[in-house]
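None of the values given here were measured: they were computed from a predicted structure.
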Amino acid sequence: MIQYIVFDIGNVLVTFDPYTYFLKYFKDETKTQTLCTLMFSHEAWSQYDAGILFLEDLYEIYHQAYPQYQKEMDHMLTHWLELMDAIPETLACMKKLKQQGYGIYLLSNISQDSADYLKKTQDFFAYADGAVLSYELKTIKPDTAMYMELFQRYHLKPSSCVFLDDGVQNIEKAISLGMQGIVVHDIQIALQELEELLEGEKIC
């Protein structure tokens, strides 16, 4: 029986689509795709999420790695937090689930900058009964340590949890640890799958 709903943040509770956001500024599809790939696929970004590196470190790292794009990288690092907007469907579902008595938890790869920004601009942290965030643990999903911290800190039984995440590898890890999981490619479909897991209750 599912008692706890665990949400990732990026692309589940808030949008994370750097290409669409920065295309409005750079106005060149190829250049924008290249810049987003270089920035967000770099190992430094994962270390930023893990709380090992900080924003000021990234400026220096990207300047050294991509000297031909220093101006563009500076712009992206300065404004990247702004690309995160609430996903209304998921937030509405979270609030209804909370009202129905389900435990609500967050499990996310996220930098401290991101978490601080979202706590100021969004209200979903207030609806969560707990959160395990990567920057606190100095590691990122799908590291088993992230999931075990969630179970142990909040005394959750894995089989009583369902996890919604946009990363296939993160859901695979959750399932291997005894959770149920939903890969979020499309919000509406994911929420329908969640309702089916909750024995068809019309919640979302």
Side-chain angles (χ1 to χ4, degrees), residues 2 4-18 21 39-55 58 80-95 97-98 102-154 156 158 161-187 190-191 193-194 204:
I2 300 298
Y4 312 111
I5 317 299
V6 184
F7 293 91
D8 180 28
I9 294 178
N11 285 328
V12 177
L13 293 171
V14 298
T15 58
F16 190 83
D17 183 1
Y21 181 80
M39 175 167 285
F40 296 101
S41 296
H42 195 289
E43 181 184 1
W45 193 264
S46 295
Q47 293 178 325
Y48 177 48
D49 274 347
I52 297 169
L53 294 177
F54 299 93
L55 189 60
L58 298 189
W80 82 269
L81 290 171
E82 300 161 15
L83 65 86
M84 294 184 291
D85 289 323
I87 299 176
E89 299 93 331
T90 321
L91 295 178
C93 181
M94 171 189 275
K95 294 173 184 180
L97 289 164
K98 180 77 170 179
Y102 289 96
I104 303 296
Y105 294 89
L106 307 176
L107 181 65
S108 183
N109 291 345
I110 190 171
S111 66
Q112 184 169 359
D113 293 329
S114 308
D116 290 346
Y117 176 80
L118 292 172
K119 287 175 183 177
K120 292 177 182 177
T121 59
Q122 305 295 335
D123 63 359
F124 58 80
F125 275 94
Y127 285 90
D129 296 292
V132 172
L133 308 177
S134 59
Y135 77 88
E136 300 172 324
L137 299 187
K138 302 296 187 285
T139 189
I140 59 174
K141 296 173 296 181
D143 188 339
T144 300
M146 289 278 290
Y147 302 80
M148 297 307 296
E149 180 68 19
L150 177 73
F151 305 148
Q152 294 168 6
R153 185 188 298 181
Y154 300 111
L156 306 184
C161 301
V162 57
F163 183 33
L164 287 82
D165 192 297
D166 66 323
V168 173
Q169 71 277 17
N170 299 333
I171 293 299
E172 289 175 345
K173 174 63 73 170
I175 292 171
S176 75
L177 295 172
M179 303 172 79
Q180 297 196 56
I182 296 171
V183 180
V184 180
H185 294 308
D186 178 283
I187 291 295
L191 295 181
E193 292 178 12
L194 178 59
C204 302

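A heavy-atom distance below 4.5 Å is not found between the side chains of Leu164 and Glu193. In this structure, the side chains of Asn170 and Tyr147 come closer than 4.5 Å at one or more pairs of heavy atoms. At a threshold of 4.5 Å between non-hydrogen side-chain atoms, the residues Leu177 and Pro158 do not count as touching. Between Val132 and Gln152 there is no side-chain heavy-atom pair separated by less than 4.5 Å. Under the 4.5 Å side-chain criterion, counting only non-hydrogen atoms from C-beta, Val6 is in contact with Leu150. You'll find the side chain of Leu58 reaches within 4.5 Å of the side chain of Leu53, heavy atoms only. In this structure, the side chains of Ile2 and Ile5 come closer than 4.5 Å at one or more pairs of heavy atoms.
Checked by atom type and distance alone, the side chain of Asp85 never pairs as donor or acceptor with a backbone atom of Thr15 at under 3.5 Å. Looking at Ser108, its side chain never comes within 3.5 Å of a backbone N or O of Ser134 through a donor-acceptor pair. No donor-acceptor pair under 3.5 Å is formed between the side chain of Tyr105 and the backbone N or O of Phe163.
Heavy atoms of other residues, nucleotides or ligands lying less than 6.0 angstrom from CD of Glu82 number more than 12.
Closest approach of Leu97 and Phe7 over heavy atoms only: CD1-CZ, 4.0 Å. Contact between Ile9 and Phe125 at its shortest, heavy atoms only, is CD1-CZ, 4.0 Å. Contact detail for Trp45 and Met39: the closest heavy-atom pair is CB-O, 3.7 Å. What you find for Leu13 and Thr90 is that their closest heavy atoms are CD2-CG2, 3.6 Å. Between Gln122 and Leu91, the closest heavy-atom pair is OE1-CD1, 4.3 Å. Minimum heavy-atom separation, Asn109 to Lys141: OD1-N, 2.7 Å.
Atom-to-atom distance recorded for Gln112:CD and Leu55:CG is 11.5 Å, nearest 0.5 angstrom. The distance from the OG1 atom of Thr121 to the CG atom of Asp116 is 10.5 Å, given to the nearest 0.5 Å. Distance CG/Leu137 to CE/Met148: 12.5 Å, rounded to 0.5 Å. Within the model, atoms CG of Leu191 and CD of Glu89 stand 7.5 Å from one another, a figure rounded to the nearest 0.5 Å. Annotation: the span from Leu81 atom CG to Lys120 atom NZ amounts to 10.0 Å, rounded to 0.5 Å. Once rounded to the nearest 0.5 Å, the distance linking CD1 of Ile182 with CG of Leu194 reads 5.0 Å.
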Practice problem: Kindly indicate, with the supporting measurements, whether the criterion side-chain contact (heavy atoms from CB on, under 4.5 Å) is fulfilled by Tyr4 and Asp129. | Solution: CA-CA 10 Å; Tyr4 312 111; Asp129 296 292; over 6 Å; no
Practice problem: Give the intermediate values and the outcome of side-chain contact (heavy atoms from CB on, under 4.5 Å) for residues Val184 and Asn11. | Solution: CA-CA 8 Å; Val184 180; Asn11 285 328; over 6 Å; no
Quiz item: For Leu106 and Met94, what are the C-alpha separation, side-chain angles and deciding distance, and is it a side-chain contact (heavy atoms from CB on, under 4.5 Å)?
Solution: CA-CA 11 Å; Leu106 307 176; Met94 171 189 275; 4.0 Å; yes
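Between Phe16 and Phe40, the ring-plane angle classifies as perpendicular under the 30° and 60° cut-offs.
A salt bridge does not link Asp143 with Lys173: every distance from a Lys NZ or Arg NE/NH1/NH2 to an Asp or Glu carboxylate oxygen is 4.0 Å or more.
For the residue pair Asp113 / Tyr48, a side-chain donor-acceptor distance below 3.5 Å is found, with atom types taken as modelled.
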